[in-house]
K.L.:
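I have a structure here, written as structure tokens, and I will follow up with some questions on it.
In what follows, residues are counted from 1 in the order of the sequence shown. The basis for the numbers below is simple: all heavy atoms, side chains too, and nothing from hydrogens, waters or symmetry mates.
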Amino acid sequence: MSQDGAPRRSQREKKIVKPFVSAGPSTSQRKRKRTERDSSDDEPEVSEPEEAPSPVEDNDNDQDEEVEDYRSPKPKTTSATGRKGKSKAAPKPKGQPPVKKPRTTKATAPKAPKPAARRGRKPKEGEDAYDAAQVTRDTKIASDNPLFNAVMNPSAALQSTAEDFLESLQQSPGPAQADLINLILRSCGCNDSVDGDEVVDYDGVVDALDNFTEALKQHDSPIYPLTSKLPTFKKFRKSLSEFLERLVASAAELGSLYSTDLLTTLQAWVVAMSSSQIRSFRHTATVVALEVETALCDVAASIEKEAEIVGRQRESEKKRKVANKGTSARLKELEAKAKEIKERRTQLDGFLKEFVDGVFVHRYRDLDPNIRAECVRSIGLWFKKYPSHFLDASYLRYVGWVLSDSNTHVRLEAVKALIGVYDQSDYLGSLNHFTERFKPRLIEMATGDTELTVRVAVIQVLSALDSHSLLEDDEREKLCLLLFDGEAKVRKSVSKFVRGVWVEAVEERFSGHGKVSDEDRTRAGMKSLAILLVKWGKALDKMSGEPEDTGSDAEGNDEAQTPGSRRREVAALVETDQRGRTALAVEALWEEVEPVSDWESLLDVLLLDHSAAQEGNEGPSRGRTRPNGKNNTRGDSIDEAWRLDEVEESMLLEVLVAALRRARTEVVGSKKGEEETVNNDVTRALIKGLPRLFVKHQSDPSRIADVLWIPTLMNLDLYLEMRMIPAYASLWDDVIKQFLSHSSITVLTHAMAAMRHFMDATSLSNTNSPKILELEDELSSALRDAVAERDEIEVASFTEDEILSLTALCTRLAVLAGTRDLSAWMEEDEGGKQTSAWDIVIALAERGRLGYKEEEQMVEQALRVLMLHILWKSKASTAELEPSPEETRSQETLVAQRAALVEKLAEYAVGTTSNTAEGVKRAAFKHLLDIHVLFAPGQTQAADGTPAGAPITLTLDDETQYRCAGYIQAEIERSEEDEDGGKAGKKPKGRKRVKQVDLTSRAHLEQEYLFLDVISTFLRGIRAGAVHVKHGSVLLAHYGRLGPTFDACAKVIIDVLREEGMYNNEGDLVVSVVTNTLQEAFTLVLENVVPDEGSTIQLAKVLASCFIIRGSQLSVVRRLEAKYVVKVHTQLLDWIVKRLSGISAAKNKKALKVAIIFFKVLIPLVNALPNAEALTIKAHMDQALAQAKIEVSPTLKMWEPQRAYEKRLSTAMAKGAAPVTKGRKGKNAKSAANITDGEDTDGDALGEDGAAPSRPLRRSGRSKNTAGPAAGEGDGSDSDEPQGPTTPKARPRPRPRAAQKAEKSPTPSPPDAGMEASSPPPPTPSPPAESPGLSYFSDRNDEQAGDANGLTTPKASSTKKRARTPEDEEMEVVEGLSNKENDVDMAIASPPTPPNELQIRRKRIRH
């Protein structure tokens, strides 16, 4: 295309960019087209770096891009014309696309390394072409800037656009730079422009930006591409970055970067814009500055490499000169080139410093987290691209400071910026100061950051640190402890770090040794793994406050040594899978540490007898050993390098169990036959090794518990296939032996799991049935032998050994009965020839009334056996629709046995005469409620689904329910004492609690578990109907004090109350529970049991949900009847007024101040109050205060809660009155009514002073003819009045003085003017917080009195705060407002306005 008639670029004739349309078939065939599949979001728009475009495509693209991208006029130049001509002539191959012929002759043109494939992007099809006009209509951003259009156009070739811009810059610098700045302005969403003169007026940059800013402020929320969600801007950020990168690289290649004012002008504008108050300016300018800085880093890095090459050439040339002893023209040329490179480096360093000092150091701490994240991400790129300059403590410190940022995304970017830093080993010396300063913070983030992705990224950084030996031993241990973290991703990410530690430990074991065999190295690896796991386990135990020796807590049969051991046994009952910390470690290290996945070698090492080497420790032990008396046919010897001690052997046994589980689960769902093969291989190995493990570890409870898990991992059918039934019977005998010889609940539970696995193998039922019956016979004989020759078991004396034996027997029975129906076994008496097991166990349970501490666990387990027997019997009794006579007798037996058990449970749990131990009392309480839940009238059903008959149902009498509530209250107090470190019998003072326990310690967690177990049992009784919901107030009164789990449990009562009140018409019940709960909760505040009223206010907010059910968008779905809500308020007001009266009589000012806070508790309850009922409550409050002769001071700060409550009631009345105003209602009135229903969160918006929001006053202040929607609510509600003349109204409207002054002054009112105007200050000096609500009603009365005459009286109440004239009192009655004195003057009022015609005027502002 010829340019003979083209105007000069300096004329700045701007043309609208038009979408490119192919001129003919030959051109379109040569263009790279984007198919429908290529236009998907998953395909990149930039061609891949590996694919260099063909010369034909490059020439065609040159032609198309110049037509399509940059339409700025160009001067006639020979080089340009030649290039243009080539585009039309036959295509010729040319070199790398960024290299242009006219520019290669310049001596100052360094070649920037730009990949040829980044020449341009694939243009779209014609139907998908870029439409600048449509984009302007969609985004309201002008399309008059060709650079902005090129960036917006996904089909544009940005390389050609950048080159054309640089050509224009050479010919007409001012207009070209103006185009670049206008590109940034359009990217900010600003349609203002600068011309060629303004752009170089650096002194006027700030003034110009101020003008642009003021224009942009007129828009509510201007769209700017970087944050817009419009599809048009989806690729904008990527395109802008690419354009700036290409522009800087091309400018450096052509020399324009150093010879023009391009960057000087850009810096002047960008630095100023980056400090703008407008977010779009600040954000966009920061991004531009950071992208330009990143591109400059590439240029600087390439120049640095060029300088190194030139330096080496100079040295080589100098050596050659010395050899030739003459001058060299080549040397002079190289020296000149080195000097020129140095000048360019100096200029680049200045550019880099200017952007860092002018933009980065201010914006990395910007208020907007997105801007902060942009800065941190960019400096991470600078570290990688130009490490010689930026890998310095002066720049690294910024990233270190951002590591403590409150925003997760910013922290993550800071960590990502550091990931590649430590990979550059050449600069480690400059990182030492940064590392020592911020290493503790990095470890803290890895162990405790709230965001999972941040923790994983920090672990990568710390792993890089450790690769350079920059972590201390204690820091490495902290990182290794993450192997037991609860998050699987954290465990997986730290596994490579742990592998490095393990490899070091293995190498240390063989330091100084000669050649080591593979087998010895493998076993040494197991030894090292065991040492590390034991070490880290002890560290975890120390952190959690648990004693180190946790392995052998059951040496004998003493299971009730300490409360801590008993709690651990109870917790073991809940854990059925025993997936402990070792299993987590095995899962994480499965693919990293070889011994973990090599379960066969683990089994071989564990079968060896390592104790023999321990006994003969005088010299090296390399002789043969016989493990547990069996011949060691393999001839294995124990080397000191891998000999295991007892703790390490126990740890490897846990690893073996976890590895076997993982090996089985890993092949689940794999190829056909592979799963069966692995399971069979495991079973074959265990068939040989498991009996030896039983023999070896049978005396250690902790180890035998792990061994007892192994049979559950075997394929038992393989015994039948291999015809090894005797071996299977022997396995049964081993498990039964452990069940009968141990009393640890953990061992018994695991043994029972093994026997249950045996019973599930139906193909071996011929062996299973005799074995389980044999176990039952053994237990029956042992139980009768234990109580033989004792007639009265209830009062007989037992020795300590007998008590331990009976405790173990009852525990075994309880574990067995939890899985197997023993009801027939329990009642078997051989026709009266012997005592049944039921009679023996219930006699043992009868000993609970004696209160012997050593018999506590025995009685607990006896009660559990009896409870399980009732459960099994009840299950069998409802199996038949028409029971036979035998079934009927069984049912009668069940009722009798249940009555006997319930009597004992009630006596132990809530009785007054028994001296029961605490553990027995807790167990009896749980069983008592569980049995009533099981047989509750609404829960018990026959087999056909119909409710069971009266003999089966069971109800809890009222007295017992009250006693159960009292027991719960005692448990709550005991829990509080444990948390506060108080002693029993000494009530800690709430406001002076300073001693706190570790909430993460195991002891505290076990106590909390037991406490919550009792609480959940009580809640289950309430939910099932066994306990009346009114007793739930015992729990609700402590809401917010005992942790989030307790609060979640308490919310169950709220759900029950809501159902009872709104669906079962039990409003009086809701009133009773809510009032009692709040009274009890606030009594704790009055008695100094709790430090402040915060928990009580939170409780009130939760209880308010009992009054109303909301749907989508806060719409009211169902509401409790208004009379019940009013009843709650009136009863609570009567209660607090009575307390205030008593405190006032005692003249206790401190207690009075605390009691008045109760009005703040009432404020959240107003949210669910119907608007018309607020007047009744206010009148009741005034009457109660008057009758109690309590005078509310209008100025004292301590009465602020009462004034806030009063104002909240007035706001509720105003919300009810506003929609009824005449004039322009309809749509606005309807929306106001909807808003009234949605005012549920007003109470939450109250501050400590209880000030109500001004939005209701804004709405209520509208007169009959007030125009405009209710959108002006909230801040500055009065400030929009003086903005201009208003439409004439039928009645004059009172104008505040502030508004009158505002009309005279063009200065806008401050943002909080509306808040200040909502309540005038009192006439006497007092804090501003007292102002809300003090003179609200007196002001309204004066305004209403003025409105009655159609006039305003702005000075009526400006002198006195609450004084009222008789006329005001009459008008108050007329308008429907109530006060202390209005009962007397009710008959004097003029004809009353109906409630639906109530009108409330806006308060006046007084100054």
K.L.:
Please identify each residue that fulfils side-chain contact (heavy atoms from CB on, under 4.5 Å) with D957, with sequence neighbours left out.
P.N.:
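Counting only residues at least two positions away or on another chain, D957 forms a side-chain contact (heavy atoms from CB on, under 4.5 Å) with E959, T960.
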
K.L.:
Scan for ring pair (Phe, Tyr, Trp, His ring centres under 6.0 Å) pairs involving residues 1029-1082, sequence neighbours excluded, and state none if there are none.
P.N.:
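Output for this query lists Y962-H1031, F1082-F1158.
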
K.L.:
State whether the side chain of S1105 and the backbone N or O of K1101 hold a donor-acceptor pair below 3.5 Å, judged by distance alone.
P.N.:
no

K.L.:
State which residue, out of K1178, H1129, E1200, fulfils the side-chain hydrogen bond (donor to acceptor under 3.5 Å, both in side chains) condition with Y1205.
P.N.:
H1129

K.L.:
Using a 3.5 Å distance criterion without hydrogens, assess whether the side chain of R1119 forms a donor-acceptor pair with backbone atoms of R1110.
P.N.:
no

K.L.:
Just jot down the side-chain hydrogen bond (donor to acceptor under 3.5 Å, both in side chains) partners of T1075, sequence neighbours excluded, or say none.
P.N.:
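For T1075, no residue satisfies side-chain hydrogen bond (donor to acceptor under 3.5 Å, both in side chains) once neighbours in sequence are set aside.
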
K.L.:
Could you measure the distance from the CD1 atom of I1136 to the CG atom of L1078? Nearest 0.5 Å is fine.
P.N.:
11.0 Å

K.L.:
Main chain of H1028, side chain of Q961: is a donor-acceptor contact present, judged purely on distance under 3.5 Å?
P.N.:
yes

K.L.:
Any non-hydrogen side-chain atom of V1070 less than 4.5 Å from a side-chain atom of Y1124?
P.N.:
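The answer is no; the side chains never approach within 4.5 Å.
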
K.L.:
With a 4.5 Å limit on heavy-atom distance, are the side chains of L1162 and L1165 in contact?
P.N.:
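Yes - at least one pair of side-chain heavy atoms lies under 4.5 Å apart.
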
K.L.:
Sub-3.5 Å donor-acceptor pair from the side chain of N1076 to the main-chain atoms of S1072, do we have one?
P.N.:
yes

K.L.:
Would a distance-only check, ignoring hydrogens and angles, find a side-chain to backbone donor-acceptor pair under 3.5 Å from E856 to G919?
P.N.:
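Judged by distance alone, yes, a pair lies under 3.5 Å.
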
K.L.:
Residues two or more places apart in sequence or in another chain: which of them pass side-chain hydrogen bond (donor to acceptor under 3.5 Å, both in side chains) with E971?
P.N.:
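Scan of E971 (side-chain hydrogen bond (donor to acceptor under 3.5 Å, both in side chains), adjacent residues dropped) gives Y967, R974.
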
K.L.:
For residues V1137 and I1190, determine if any side-chain heavy atom of one lies less than 4.5 Å from a side-chain heavy atom of the other.
P.N.:
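Result yes, sub-4.5 Å side-chain heavy-atom pair found.
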
K.L.:
Please list all pairs meeting salt bridge (charged side-chain N to carboxylate O under 4.0 Å, His left out) that have one or both residues in residues 1049-1077, counting only residues at least two apart or in different chains.
P.N.:
R1023-E1059, D1055-R1058, D1068-K1127

K.L.:
If you define the side chain from C-beta out and look only at heavy atoms, does anything of E1080 sit under 4.5 Å from S1033?
P.N.:
yes

K.L.:
According to the side chain to side chain donor-acceptor pair (under 3.5 Å) rule, which pairs have a member within residues 1132-1159, sequence neighbours left out?
P.N.:
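For residues 1132-1159, and leaving out neighbouring residues, the side chain to side chain donor-acceptor pair (under 3.5 Å) pairs sorted by first residue read D1134-H1180.
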
K.L.:
Any side-chain heavy-atom pair from D930 and L934 closer than 4.5 angstrom?
P.N.:
no

K.L.:
If we only count heavy atoms from C-beta on, is the V1027 to C964 side-chain gap below 4.5 Å?
P.N.:
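No, too far: nothing below the 4.5 Å cut-off.
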
K.L.:
Mind checking whether L1132 and Q1079 have side chains closer than 4.5 Å, heavy atoms only?
P.N.:
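Of all side-chain heavy-atom pairs linking Q1079 with L1132, at least one is under 4.5 Å.
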
